[in-house]
Each structure stands twice: as C-alpha cells, then as structure tokens.
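Below you'll find the structure, written out as structure tokens, and then a few comments.
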Amino acid sequence: TILDLIGGYDDSVQRLIAVGIAAYPPTALTGVSDWSDTAERDPGIRRAGLVHAGLNAGALSLYAASLAARRRGDTGPRKTFQPGSSRRLA
C-alpha cells in the first residue's frame, strides 16, 4: 500500500487493508450481476469473467493474510502477502 511505501502508522495501514477487504462483497456482487448479463453465446467473455473473479478472490485472501499477520504483530512476512509487494512468495 501507499503507507508501506512512504511510511505510516501500522494502525492506519491495518484500517486501509480492512476497508479494502470490506469493499470486496459489494464489488463482487456487482461483478456477478454483470457476469450474469453476459451473452451465453460468447463463452470467451464468461470465461474471462470467471478468471477475473478467481484472481480477485485470490487477492482478497492475500490481503486477509496480510491483515492477520499485521494484527499478530508479525513484522517479517507481512509485506510478502501483499499482491502489490515487490517481494513474492516463492
């Protein structure tokens, strides 16, 4: 997150991650609604929608893991869990 790059209080970072996690359900419902309106005769569009949903669910799990690690006070691996981090899970 931006606060990780420029520095910030850990409480602020945790709040921002939590807000992002809380925004997931209504955003996902909107996506499902849009996906259900796609033409069934074009399976490519529907398949792309499913891939998009799967990637978003994966990102949500990484953010949830990051928030859990931060709340436990873990200082080492927490940035590894963030999708935008320069470090990646090996």
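Remember, predicted model here, so these are calculated numbers, not experimental data.
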> Out of curiosity, Asp42 CG to Arg47 CZ, how far, rounded to the nearest 0.5 Å?
Replying inline: 8.5 Å
> Can you name the residues that form a side chain to side chain contact (heavy atoms under 4.5 Å, CB included) with Leu50, not counting sequence neighbours?
Replying inline: Trp35
> Taking all non-hydrogen atoms of both residues, which atom of Pro25 and which atom of Ala22 are closest, and how far apart?
Replying inline: CD-O, 3.2 Å
> Which ILVMFWY residues can you reach from Leu55 by hopping between side chains whose heavy atoms are under 4.5 Å apart?
Replying inline: Val51
>> Clusters formed by hydrophobic residues whose side-chain heavy atoms approach within less than 4.5 Å: which one holds Leu29, and what are its other members?
In response: none
> What residue pairs, at least two apart or across chains, pass side-chain hydrogen bond (donor to acceptor under 3.5 Å, both in side chains) with a residue in residues 19-32?
Replying inline: none
> Who pairs with Leu67 by side chain to side chain contact (heavy atoms under 4.5 Å, CB included), at least two apart in sequence or on another chain?
Replying inline: Gln14, Ile17, Ala18, Ile21, Arg71
